[in-house]
Each structure stands twice: as C-alpha cells, then as structure tokens.
Amino acid sequence: MITVNVLGAGRWGPNITRCFTNLSDAKVHYVCDPDQGRLDWVSTRIGGIETTTDVLLAINDPSADAIVIATPVDTHYDLTRQALAAGKHVLVEKPLCKEIAQCEELVETANDRGLTLAVGHIFLFNGGIRKVREYIQSGELGRIQYIHALRTNLGPVRTDVNALWDLASHDLSIFNYWLEENPRAVSATGQRCLNADVEDVVNATYEYGRGVTASTFVSWLNPKKVREITIVGDKKMVVWDDMNPLEPVRVYDKSIDIDAKGAYTHSFSSFQAAIRDGDVLIPRVLGGEPLMAECEHFVECIREGTVPLNNAEEASRIVAALIAGNESIADAGSQRFVKLILAGESMLPVCV
C-alpha cells in the first residue's frame with residue numbers, strides 16, 4: 001500500500017485526492033492547504049483522510065511514501081525540492097518549474113536518491129491521444145505535414161502563469177509524444193486583454209524535424225470550450241476532439257495529390273491538384289479517466305522502479321519550449337530556438 005500526501009486543495013487537488021483514495025493499492029493520509037475552508041470542503045466529501053495547514057508536517061510525515069503537489073507554479077520548485085530531500089517520491093502538476101536550472105536540479109536530485117519524479121501531463125494518459133499516436137506510428141497517415149491545436153474556454157483566469165504555460169503546455173506534451181522529438185524553435189504572439197502582466201490569448205507555432213510545424217491557439221477569453229487537434233498527413237488526416245467523449249477520434253481518408261507536369265508556367269494545366277475524398281472512420285477508443293490512469297501509473301512506477309511516461313526529464317524539455325515561447329512573445333513574435341536539455345553528452349530521450 002502506497003501512502004500519499006496531497007499538497008493543495010484548490011481546483012485540482014481534490015480530484016487527485018479522490019483518485020488516489022479509489023485505488024486499491026494506495027491511500028491518502030494528509031491533504032494540506034493553507035485555507036482551512038478548502039480543507040473542510042474536501043474532508044466532507046472524501047472520507048478517511050486527515051487535513052493540515054502545516055506543509056512541513058505533510059512533507060516529513062514518516063508514514064508517507066509520496067507527495068503530490070497541486071499548488072501554484074511558483075511553489076513547485078521549493079516544495080518538490082523539500083519532498084525529495086525528505087526521501088519522498090513526487091508527482092507534481094505541470095509545468096514542473098519556471099526555470100530550466102531548477103528543473104535540472106530536481107531531476108538530478110531524484111536520480112541520485114533513486115526516487116520517482118513525475119509531472120502531471122495528464123493528456124499522455126488520454127485514450128484518444130494514445131489512439132492517434134498509433135495511427136502516426138503505423139504510418140497510415142503518411143508523412144505528417146502539420147498539426148494544429150485549439151484549446152479555449154471562458155476562464156479559469158490565472159495570474160501565476162500565462163495561457164501559454166497553462167494551456168499550451170498540454171499541447172506541447174502531446175506534440176512531443178506523437179512526434180517522438182522536441183521542438184527546435186518557436187514563434188509566438190500574445191495579447192493581454194484581462195491582465196496587464198499576463199497573456200490570456202496566445203498563438204504559438206513550434207518547429208519540429210522533417211519540416212513539421214505544430215501550432216496552438218490558446219485562450220482563457222473565449223465563449224466556447226474547445227479541446228481539439230487536427231493532424232494532417234499526406235495520406236490521411238485525423239481530428240481529436242476531447243469535447244466528444246463518445247467519438248473523440250475521427251480519421252479522414254482524404255488527401256490532395258499534386259500532379260506537376262513539365263516546367264512550372266503558372267498555368268492551370270502545368271499544376272493540377274486532385275482532391276481525394278474518402279470515408280471517415282470513427283475508431284473505438286478505450287475509455288477510462290486519464291487522471292485515474294496517471295495516478296495508477298505513478299504508483300506502479302514507485303513499486304516497480306520504472307521511469308514514468310510523464311517523467312521529469314521530458315517535462316524539463318517542455319519548460320524549455322515554454323520559456324522560448326515567452327521570449328518570442330516578448331520580442332513581437334520573432335523566432336526563438338529552444339534550449340536543448342542535456343544529460344552527459346546526449347540529449348535526454350523523449351517520452352515514448
């Protein structure tokens with residue numbers, strides 16, 4: 001039985017607590033938050049847990065094997081560092097930290113102590129996302145030409161990070177997972193409609209290898225909640241729609257065949273595009289709650305000593321891509337290269 005203490009009883013912490021209490025091989029001892037009202041709210045809805053406002057008590061609890069951190073991003077580094085120092089395995093919500101040096105320090109500490117350090121990139125455990133990856137890996141879509149993501153809603157509005165860090169961090173984890181590599185460069189622009197210091201609307205285009213671009217539009221200021229990604233291959237195309245739980249993935253047997261005859265003379269006869277419009281396939285996608293799957297995976301990695309799919313090394317590379325995106329926004333959309341996160345002489349492997 002793995003005993004977990006949860007730091008944070010805000011919007012996400014109670015969901016994490018619920019999942020761990022429903023696992024057969026895990027339990028929650030403490031839920032910690034500085035707001036006693038939030039603790040009272042959680043304890044009335046989830047039985048069998050204790051609550052505390054003392055973060056050191058929760059971190060140093062001798063009965064706890066692991067600490068889950070669901071607090072504002074500014075606190076991630078310090079709380080994770082303290083938990084690792086106390087010999088605890090850690091699952092921390094995304095993004096891991098705000099600075100690359102902090103990420104690298106935490107990764108090194110966890111590795112030196114033989115502790116599991118996972119980051120809450122929950123869409124790696126989404127059945128639809130995994131199904132799309134199968135299509136990409138099989139080659140059925142052909143050469144991937146571009147990917148476009150939409151992630152919008154009316155709120156929740158944050159002040160600790162901008163919409164790029166809050167929302168596009170999900171898309172970056174998905175892009176890396178699908179393409180099995182990290183972005184090389186980014187161009188991004190943002191708008192500050194609600195807060196003079198934080199971008200609540202962001203457009204970002206990340207460049208990957210083999211000429212693939214993956215772009216995302218994210219916003220807290222939109223009347224409609226959208227969670228959708230389009231993947232365009234030269235053979236087939238796929239749309240993943242997280243707002244359609246019954247049919248989240250659709251495969252379009254569509255493409256455009258270019259037939260270039262002779263020298264290009266700007267005439268229609270020398271350059272013809274043939275549109276192939278085939279069937280639409282709606283594959284069966286295994287259900288299940290992604291957060292529950294993530295919690296199960298964390299417990300399994302602790303018990304088996306295996307590297308998590310949502311490992312901190314991969315999360316560090318996502319932080320590097322987010323930092324480059326912020327730099328591009330600050331410079332009116334100019335291209336910024338993404339810093340490589342190194343381990344010895346070679347770049348750390350992307351999650352697979």
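Bear in mind that the values here come from a model prediction, so they are computed numbers and not experimental data. Computed over heavy atoms, backbone and side chain alike; hydrogens, waters and symmetry mates excluded.
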Do you know which of Ile147, Val238, Leu141 makes side chain to side chain contact (heavy atoms under 4.5 Å, CB included) with Ile136?
-> Leu141

Is the closest side-chain donor-acceptor distance between Asp40 and Gln36 under 3.5 Å?
-> yes

State, yes or no, whether a side-chain contact exists between Val338 and Asn182 at a heavy-atom distance under 4.5 Å.
-> no

According to a 4.5 Å side-chain heavy-atom criterion applied to Ile, Leu, Val, Met, Phe, Trp and Tyr, with indirect links allowed, do Leu194 and Val218 form part of one hydrophobic cluster?
-> yes

What is the minimum heavy-atom distance between Ser187 and Gly333, and which atoms define it?
-> CB-O, 3.6 Å

Contact check, side chains of Asp253 and Leu281, non-hydrogen atoms, under 4.5 Å | no

Derivation and outcome, side chain to side chain donor-acceptor pair (under 3.5 Å), residues Gln82 and Asp78 | CA-CA 6 Å; Gln82 292 182 63; Asp78 192 49; 2.9 Å; yes

Sub-4.5 Å side-chain heavy-atom contact between Tyr30 and Asp61 | yes

Spacing of OG belonging to Ser328 relative to CG belonging to Asn326, to within rounding of 0.5 Å | 9.5 Å

Can you tell if the side chain of Val119 reaches within under 4.5 Å of the side chain of Asn311, non-hydrogen atoms only?
-> no

Look at the side chain of Asp200 and the backbone N and O of Cys193, then say whether any donor-acceptor pair between them is shorter than 3.5 Å.
-> yes

Any side-chain donor-acceptor pair under 3.5 Å between His148 and Ser215?
-> yes

Can you get from Val239 to Val280 by hopping between Ile, Leu, Val, Met, Phe, Trp and Tyr side chains that sit under 4.5 Å apart?
-> yes

Within a reach of under 6.0 Å around CD of Glu140, are more than 12 heavy atoms found that belong to other residues, nucleotides or ligands?
-> yes

Geometric cation-pi criterion Arg133 and Tyr177, 6.0 Å radius, 45° cone | yes

Answer with yes or no whether the hydrophobic clustering places Val307 together with Phe298; edges join I, L, V, M, F, W, Y residues whose side-chain heavy atoms lie under 4.5 Å apart.
-> no

Would you sort out whether His170 and Lys94 count as a side-chain contact (heavy atoms from CB on, under 4.5 Å), showing the intermediate values?
-> CA-CA 9 Å; His170 287 307; Lys94 59 82 188 168; 3.4 Å; yes

Validation row: His29, Ser63 side chains within 4.5 angstrom (heavy atoms) | yes

Would you kindly say whether Tyr77 and Glu99 are connected by a side-chain donor-acceptor distance under 3.5 Å?
-> no

Measure from the side-chain N and O atoms of Asn153 to the backbone N and O of Pro156, and report whether any donor-acceptor pair falls under 3.5 Å.
-> no

Note, Arg151 side chain near Val226 side chain (heavy atom, < 4.5 Å) | no

Atom OG1 of Thr75 and atom CD1 of Ile69: how far apart are they, to the nearest 0.5 Å?
-> 7.5 Å

Heavy atoms only: give me the nearest Gln102-Cys97 pair and the separation to one decimal.
-> OE1-CB, 3.6 Å

Using the six-membered ring wherever Trp is involved, compare the ring planes of His297 and Phe125 and label them parallel, tilted or perpendicular (cut-offs 30° and 60°).
-> tilted

Spell out, yes or no, whether Tyr208 and Met237 are grouped together once hydrophobic residues are joined by side-chain heavy atoms under 4.5 Å, including indirect joins.
-> no

Same cluster or not: are Ile122 and Leu309 linked, directly or through other Ile, Leu, Val, Met, Phe, Trp or Tyr residues, by side-chain heavy atoms under 4.5 angstrom apart?
-> yes

Run the side-chain contact (heavy atoms from CB on, under 4.5 Å) check on Asn310 and Leu91 step by step: do they pass?
-> CA-CA 9 Å; Asn310 51 337; Leu91 170 60; 4.1 Å; yes

Answer yes or no: is there a donor N or O on one side and an acceptor on the other, between the side chain of His89 and the main chain of Thr116, under 3.5 Å?
-> yes

How close do Leu117 and Ala110 get, heavy atom to heavy atom, and via which atoms?
-> CB-CB, 3.8 Å

Met292 CE to Ile16 CD1 distance, which is reported to the nearest 0.5 Å | 12.0 Å

Taking everything shown except Asp112 itself, do over 12 heavy atoms lie less than 6.0 Å from its CG?
-> yes

State whether the side chain of Asp54 and the backbone N or O of Leu56 hold a donor-acceptor pair below 3.5 Å, judged by distance alone.
-> yes

Any donor-acceptor pair under 3.5 Å linking the side chain of Asp65 with the backbone of Ile2?
-> no

Taking it one step at a time, do Asp277 and Lys254 satisfy salt bridge (Lys or Arg N to Asp or Glu O under 4.0 Å)?
-> CA-CA 5 Å; Asp277 193 357; Lys254 298 184 177 185; 3.5 Å; yes

Leu79 vs Leu7 side-chain heavy atoms within contact, under 4.5 Å = yes

Give a yes or no on whether the backbone of Ser255 and the side-chain of Lys236 come within a donor-acceptor separation of less than 3.5 Å.
-> no

What do you reckon, is CZ of Arg11 surrounded by more than 12 foreign heavy atoms closer than 6.0 Å?
-> no

Is the closest basic N to carboxylate O distance between Glu289 and Arg18 below 4.0 Å?
-> yes

Applying the side chain to side chain contact (heavy atoms under 4.5 Å, CB included) test to Asp242, which of Ile229, Asn126, Ile129 qualifies?
-> Asn126

Distance (rounded to the nearest 0.5 Å) between Lys339 NZ and Ser316 OG = 10.5 Å

Flag, side chain of His76 to backbone of Pro95, donor-acceptor distance under 3.5 Å = yes

Sidechain-backbone polar pair: Arg317 side chain, Asn176 backbone, donor-acceptor under 3.5 Å = no

Is a side-chain N or O of Asp331 found less than 3.5 angstrom from the main chain of Ser334, in a donor-acceptor match?
-> no

Is there a side-chain contact between Glu296 and Asp25 (heavy atoms, below 4.5 Å)?
-> no

Does the distance from a Lys or Arg side-chain N to an Asp or Glu carboxylate O, for Lys131 and Glu134, drop under 4.0 Å?
-> yes

Test: Arg158 and Asp166 ion pair at under 4.0 Å = yes

Look up atom CH2 in Trp240 and atom OG1 in Thr230, then write down how far apart they are to the nearest 0.5 Å.
-> 11.0 Å

Return yes if some donor-acceptor pair links the side-chain N/O of Thr152 with the main-chain N/O of Lys224 below 3.5 Å, else return no.
-> yes

Test side-chain contact (heavy atoms from CB on, under 4.5 Å) applied to Leu179 and Val212, step by step = CA-CA 9 Å; Leu179 300 175; Val212 178; 4.1 Å; yes

Give the minimum heavy-atom separation between Leu221 and Ser219, together with the two atoms involved.
-> N-OG, 2.8 Å

List the atom of Ala324, the atom of Arg336, and the distance in Å for their closest heavy-atom pair.
-> O-CB, 3.6 Å

Looking only at heavy atoms, the pair that brings His121 and Ala315 closest together is NE2-CB, 4.0 Å

Going from CG on Asp33 to OG1 on Thr53, what distance comes out if it is rounded to the nearest 0.5 angstrom?
-> 9.0 Å

Run the salt-bridge test on Glu199 and Arg192 with the 4.0 Å N-O cut-off and return the result as yes or no.
-> yes

